[in-house]
Structures are given as structure tokens and as C-alpha cells.
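One structure is given here, and the rest of the page talks about it.
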Amino acid sequence: MNLTGRHLIDPNDFTIEELKRVIDLGLEIYRNPSNYASLCKGKILGTLFYEPSTRTRLSFESAMLRMGGSVLGFSDSSTSSVSKGETIADTIRVLDGYADVLVMRHPREGAPKLASEFSSVPVVNGGDGGHQHPTQTLADLITIKNYRGEIANLKVAFCGDLLFGRTVHSLLKTLSRFPNVSFVLISPEQLKIPSHLRDEIILNNNVEIIETQSLEDHISDIDILYMTRIQRERFFNEEEYIKLKDSYILYREKLTKAKDDLLILHPLPRVNEINRDVDADSRAKYFEQAKLGVYARMALMALILGVIE
Ligand code: NCD
């Protein structure tokens, strides 16, 4: 298996074996970071963020710096030539000469894919509109592997904005390819997962999916609870957002019936869908998830840069 030079735009771009390679290397780096501190010496990461980000951009930066490399880029497209009307194709044709690997976040679905078609260096999708977010999936998978030992035999509940949540789309698509994983999809009627995605998952992988509006009905028999924020910026109308924004709020008392080894995950940022009293529960792992995401991104970059086989 050789990931050198590969783009990561959609989670299906990598086989299960390749995803496992990234996760296992990520955990190895997490456990022995000093062995990898100079791995990317002389390498440069370019960050092209056309949409706000805290974790994704900074975790990529941290990942590159922790491997001895350097970073350049922008986190606000109004300060770049995009504001003068430059196309993505032109921006990429220039930036691939400035950096060895590029990560792009863009409000438009498909923008990172387009970038990859013009780039001579690997391009990573850091989130495109309401579409996909494959490196958040790496952060999710490394967390599951770290706490459960394997990514298999899981009942996974996704709760919140399943329509616009790109982290949900990517993780669902990916987990459905792992052995014996089933899903409980909890959302208001208006925020159910796109039907084409549901059909694709069921058709391709023959996975069991329950769609429901009730978190309470399922809290006792799930292994992972993936909470998500209602994505205000993707609503067409503020009234609709206000109506739906507090659809689900997880309080600690709601967890009394949950399994002892439940994993509570969230891609963050949270607004108020997880009450702060849950943070003290040992099953809450969202901050660990954000941290492990750095190591998954270290492994990804090391592999696509070809500094490790
Ligand atoms: C998510 C995103 O940007 O899609 N955040 C992240 O990358 N960790 C989730 C969100 O914004 O709600």
C-alpha cells in the first residue's frame, strides 16, 4: 500500500485498509511522538481556508509543526486574491509551487475536488459546504479505535443536523464500510440525512438504519453517540433555524440509562446541544477526539507526502 501523492477529497478515496493504516500510524505517533518530531523537516503545508475554522486549520498546523515542518496560508479569503476574483484553478496552480501539501476548506461543495484536478501536490478536503469532511472522519475513527480497540460491531447514533452536517455524511459513509456497524439517525424531520446518502449507504453496504426523532428511545442500546450542532449558516431562513436549534440537548441525567462504555463524540464546536454537565462524565470524549485528530492528520500528511511508507 502506498499513499504517496494521493488526494483525500471524499472518504471513499481511501480503502478500508488505507484508512486503517492512517489510524494505526496516528496512534503510534500519539504514543511515541518524539520518534516523529523531524519527519517533515523541510516540508511545507499550505492552508487555504475560505470558510471559518478553528480545529481543522489549527490541528493541521499543529500536526505539521509537530513533525518539524512549516506552514503558510490564509484563514480568511478576504485577505487573499480571491477577493479580487481569482479562480480556484489559478490559486492552486500558484500555491502548489509554494507548498508540498494543501488543505482546503470551502463553502462550495466540490471546490477541493476541483483544486485537486489542478494541483501537482496532494490536496486534502478540510470541509466543503454541507458535503464531506474526511479528516474529521479520521479524527473520529482514531478516537473510536483508541477507546474501543477496533472499529467493528458498533451501534452508532448520530443526533442533530444530519442534513447539513458534513462530518456526519463523511463518518456515516465510512463507518458503513466497516464490519457489523448499524446506525440510529436521530433528527427533526426537516434535518434528516439526504435521501441519496441514505440510499447509497443501504444499497452499497446492506447496513441497518433506524431513522427516528427520539434520542431517549435509543440511549440505552447504543455504543457511540455522535452529537452535532444545528448548522445555522446553512439555513436559508433564520426563523426555521430558531425553531430547530434546541431540538436536542444532552444533559448528564439523560445518560443514566446509557451503557457504561458509551462513547460520546462531537466534532465541535458545540453550541448548546451538549450541556456542560456532561463534560465531567467519563464517557464524554469530544475533547480527546479533537486532540487525537492532530495525530490522525500527522499520519495522513506523513503518508501522502511519502516521508513514511
Ligand atoms: C465541523 C465542520 O466544520 O464541519 N467542525 C469541525 O471541523 N470540527 C462541525 C461544525 O462546524 O459544526
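As the structure lists them, so they are numbered: ligands from 1, and atoms in each ligand from 1.
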- Query: What protein heavy atom sits nearest atom 8 (N) of ligand 1, and how far off is it?
  - Reply: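 Heavy-atom neighbour on the protein nearest atom 8 (N) of ligand 1: Pro267 O, 2.9 Å.
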- Protein heavy-atom partner closest to atom 5 (N) of ligand 1 - residue, atom, separation in Å: Leu268 O, 2.9 Å
- Query: Looking just at side-chain N and O atoms, do His133 and Arg105 make a donor-acceptor pair shorter than 3.5 Å?
  - Reply: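 There is such a pair between these side chains.
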- For Arg21 and Asn2, test the side chains for any donor-to-acceptor distance below 3.5 angstrom and give the result as yes or no.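 Checked: Arg21/Asn2 side chains show no N/O donor-acceptor pair below 3.5 Å.
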- Evaluating non-hydrogen atoms only, which member of Arg55, Arg229, Arg166, Arg232 is closest to atom 3 (O) of ligand 1? Arg166
Within the 4.0 Å heavy-atom shell around [X], which atoms of ligand 1 are there?
X      : result
Thr56  : 6 (C), 7 (O)
His133 : 2 (C), 4 (O), 6 (C), 7 (O)
Gln231 : 10 (C), 12 (O)

- Item | Residue pair Arg148 / Leu263, side-chain heavy-atom distance below 4.5 Å |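 Arg148 vs Leu263: side chains touch.
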- Task: Look up atom CD1 in Ile249 and atom SG in Cys159, then write down how far apart they are to the nearest 0.5 Å.
- Result: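 Rounded to the nearest 0.5 Å, the CD1-SG separation comes out at 10.5 Å.
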- Message: Distance check, rounded to the nearest 0.5 Å: Ser220 atom OG versus Lys257 atom NZ?
- Response: 7.0 Å
- Tell me the ring-ring contact (aromatic ring centres under 6.0 Å, His included) pairs involving residues 53-78, sequence neighbours left out? Tyr50-Phe74
- Item | Mode of Arg105 contact toward ligand 1 - side chain, backbone, both, neither (heavy atoms, under 4.0 Å) |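 The answer is the side chain of Arg105.
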- ligand 1 versus Thr228, non-hydrogen atoms closer than 4.0 Å: side chain, backbone, both, neither?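 Answer for Thr228: neither.
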- Query: Mind checking whether Ala139 has a heavy atom under 4.0 Å from ligand 1?
  - Reply: no
- Each residue besides Ile242 in its hydrophobic cluster should be listed here, by chain and number; the cluster joins Ile, Leu, Val, Met, Phe, Trp and Tyr at side-chain heavy-atom distances under 4.5 Å.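 Result for Ile242 is Leu163, Phe164, Leu191, Ile230, Phe235, Tyr241, Leu244.
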